[in-house]
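Accompanying notes for the structure given below.
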Number of protein chains: 2
Amino acid sequence: MISVAIADDHQLFADSLSMGLNSVPDIRVAATFKDGAELLGGLDDLEIDVLVIDLEMPNISGFEVLNAGRPLPPTLVVTMHSTEMQRRRALESGAAGFLPKSAPLNDLAAAIRALNAGEDLTESTTLRDVLRQHQEPVYDSRVQALTARERELLQLLAEGVTSTPDLADQLFISEKTVKNHLASIFEKLEVADRAQAAIEAIRLGVASRR
Amino acid sequence: MISVAIADDHQLFADSLSMGLNSVPDIRVAATFKDGAELLGGLDDLEIDVLVIDLEMPNISGFEVLNAGRPLPPTLVVTMHSTEMQRRRALESGAAGFLPKSAPLNDLAAAIRALNAGEDLTESTTLRDVLRQHQEPVYDSRVQALTARERELLQLLAEGVTSTPDLADQLFISEKTVKNHLASIFEKLEVADRAQAAIEAIRLGVASRR
DNA sequence: GAGCAAATAGGCCTCCCGACCTATGGTCTT
DNA sequence: AAGACCATAGGTCGGGAGGCCTATTTGCTC
């Protein structure tokens with residue numbers, strides 16, 4: 001789970017981005033700040049893996065945060081006015097990456113994963129490649145333990161197919177096999193019954209996202 | 001359920017806002033567009049209750065959308081550069097409301113609810129009052145039918161307390177009463193068992209949002 | 001080709017879940 | 001005072017859920 005902090009003076013953007021990123025299985029937004037001052041004040045109390053900041057902010061701007069001489073987590077600059085000059089200035093100030101607000105959410109998630117993994121996003125030539133390599137969410141270890149078939153079953157379960165006969169029908173297997181898979185899922189997810197399994201599946205992002 | 005469409009050229013914002021609003025129980029984002037042309041092209045195929053648009057967009061701007069002479073759903077203008085002049089121009093062009101991007105997400109949700117209810121958001125003097133009146137999400141009718149006690153139980157259920165004895169313990173009632181409440185919940189939510197009830201509770205936003 | 005994990009299937013058994021009904025005290029509204 | 005709704009509690013009962021074991025086939029890895 002990657003812990004992220006966001007600083008942006010447009011609260012609608014910060015709130016939404018927080019919600020958006022929280023709906024990504026392996027990313028959690030720990031805090032949002034509405035200017036650089038708040039950010040520098042509140043950062044010490046949190047364990048932040050990756051920082052996402054806007055450049056244009058009142059009080060203390062993104063540039064000033066980067067140049068404050070403080071040790072910061074890998075910092076991704078996300079900005080509206082995406083010019084080459086701003087990009088260069090941000091990277092020179094110590095930003096680990098630079099994305100325009102016109103980028104899709106998936107790219108932001110990928111960039112956060114890349115920074116968390118210690119990758120370098122300052123080279124615009126390799127940016128697209130690096131992002132592509134981090135498209136896939138890194139699931140919780142308990143989810144990783146699940147087999148493909150178990151995941152299929154769990155997905156159906158989380159969609160509301162809860163009875164053994166129905167699951168058997170939709171997976172074209174016997175009820176016995178359904179129960180076997182379920183037992184295995186319960187053990188791996190450390191839950192007691194199918195209701196808890198469904199809840200965990202949703203929480204961990206195994207269920208399909210529409 | 002209020003159906004919303006978003007138009008904003010900053011995809012990160014549009015994607016995030018979409019996620020953010022979808023996590024509000026009574027609002028669903030049906031589509032996002034990245035400029036006015038896309039919006040005008042795709043709007044006819046959808047039943048949109050409220051439109052959320054940015055003013056600054058390539059191709060066809062927010063102003064041009066409003067002035068296109070088309071019948072539009074109640075339209076909320078959300079903008080970065082919130083000046084009085086822009087506000088006046090937007091409202092004169094037919095916008096039903098105007099919010100800066102520095103507003104919190106709750107206010108946007110409230111504004112959408114207000115517009116959907118036919119309220120007028122053009123008067124800045126009464127804006128705050130109207131928003132306050134629409135703070136609370138309008139739950140699905142099935143959720144409205146639930147009693148307070150049933151909701152308590154459902155909340156516990158959605159948090160993973162699935163066994164009858166555990167539920168009885170935490171609610172300080174007998175197992176019999178738990179089963180009675182559950183039966184009533186099943187009927188009102190039109191589900192068959194506690195797994196489906198938990199899933200619906202999460203989907204409908206009954207479970208606490210942390 | 002030996003070994004291992006996964007997907008499939010079955011048996012058996014206990015206990016809990018969900019369905020259906022009755023009942024009582026409390027709090028409203030009419 | 002009557003009626004309606006809610007929270008509470010109990011009984012019964014059949015079927016399904018979950019625990020525990022065994023077993024076969026397939027496919028991958030060493």
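Chain letters run A, B, ... following the sequence lines, proteins first and then strands; every chain starts at 1.
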- [ ] Considering only NZ, NE, NH1 and NH2 on the basic side and carboxylate oxygens on the acidic side, decide whether B:Asp49 and B:Arg28 come within less than 4.0 Å.
- [x] no
Open item on the list: Could you tell me how far apart A:Ile173 (CD1) and C:dG10 (P) are, to the nearest whole angstrom?
Closed with: 11 Å
Task: Gap between atoms NZ and P, on B:Lys176 and C:dC20 respectively (whole Å) - done: 16 Å
Task: Closest listed nucleotide, where the reference is the side chain of A:Glu150 and the choices are C:dA7, D:dA7, D:dA17 - done: C:dA7
- [ ] Using the closest heavy atom to pick a nucleotide of DNA chain D for each, name whichever of B:Lys179 or A:Ala195 lands nearer the 5' end.
- [x] B:Lys179
TODO: Please determine, by modelled atom types, if A:Thr162 and B:Gln196 share a side-chain donor-acceptor pair under 3.5 angstrom.
DONE: yes
Open item on the list: Taking A:Arg89 first and then A:Glu92, would you say they form a salt bridge - that is, a charged N and a carboxylate O separated by under 4.0 Å?
Closed with: no
Task: Pair B:Lys34 + B:Asp15, salt bridge at N-O below 4.0 Å - done: no
Task: Per-nucleotide protein contact string for nucleotides 25-30 of chain C, where B marks a base within reach and S marks sugar-phosphate only (heavy atoms under 4.0 Å, - for neither) - done: ------
Open item on the list: Categorize B:Ser174 for me: base, sugar-phosphate, or nothing, with a 4.0 angstrom heavy-atom threshold over every strand shown.
Closed with: sugar-phosphate
Open item on the list: For B:Leu171 and B:Arg149: C-alpha separation, side-chain torsions, deciding distance, then whether side chain to side chain contact (heavy atoms under 4.5 Å, CB included) applies.
Closed with: CA-CA 9 Å; B:Leu171 291 171; B:Arg149 199 59 164 156; 3.7 Å; yes
Open item on the list: If we count only N and O atoms by modelled type, under 3.5 Å, do the side chains of A:Asp166 and A:Ser163 hold a donor and an acceptor together?
Closed with: yes
TODO: Let me know the distance between CZ of A:Phe186 and C1' of C:dC16, rounded to the nearest Å.
DONE: 14 Å
Between protein and nucleic acid, restricted to nucleotides 21-28 of chain D and to nitrogen or oxygen atoms under 3.5 Å apart, what atom pairs and distances do you find?
none

- [ ] Compare the minimum distances between each of C:dG10, D:dT12, D:dG18 and the side chain of A:Asp193, then state the nucleotide with the smallest one.
- [x] D:dG18
- [ ] Would you tell me if any nitrogen or oxygen in the side chain of B:Arg194 comes within less than 4.0 Å of OP1 or OP2 on C:dC16?
- [x] no
TODO: Would you classify A:Ser184 as touching base, sugar-phosphate or nothing, given that sugar-phosphate means primed atoms plus P, OP1 and OP2, and contacts are heavy atoms under 4.0 Å?
DONE: nothing
Open item on the list: Please report the distance, rounded to the nearest Å, between CD1 in B:Ile185 and C1' in C:dC17.
Closed with: 14 Å
Task: Contact summary for B:Phe98 and B:Thr79, nearest pair of heavy atoms - done: CZ-CG2, 3.5 Å
Task: CD (A:Glu187) with more than 12 external heavy atoms under 6.0 Å - done: no
Open item on the list: Measure CD/A:Glu175 against C1'/D:dG15 and give the value in whole Å, please.
Closed with: 12 Å
Open item on the list: Quick check on D:dA7: is either OP1 or OP2 less than 4.0 Å from any side-chain nitrogen or oxygen of B:Thr147?
Closed with: yes
TODO: Calculate the interatomic distance between B:Leu146 atom CG and D:dA7 atom P; express it in whole Å.
DONE: 10 Å
Open item on the list: Looking at A:Thr164, I'd like to know whether one of its side-chain N or O atoms comes within less than 4.0 Å of OP1 or OP2 on D:dG16.
Closed with: no
Task: Whole-Å distance separating the NZ atom of A:Lys188 from the C1' atom of C:dA7 - done: 11 Å
Open item on the list: Once you apply a heavy-atom cut-off of 4.0 Å, does B:Thr177 come out as touching a base, just sugar-phosphate, or nothing?
Closed with: base
TODO: Would you indicate whether A:Glu84, at its atom CD, is surrounded by more than 12 heavy atoms from other residues, nucleotides or ligands within a distance under 6.0 Å?
DONE: yes
Open item on the list: How close do B:Glu47 and B:Ser3 get, counting heavy atoms only, and between which atoms?
Closed with: O-OG, 3.1 Å
Open item on the list: What is the distance, to the nearest angstrom, from the CG atom on A:Leu157 to the P atom on D:dA17?
Closed with: 11 Å
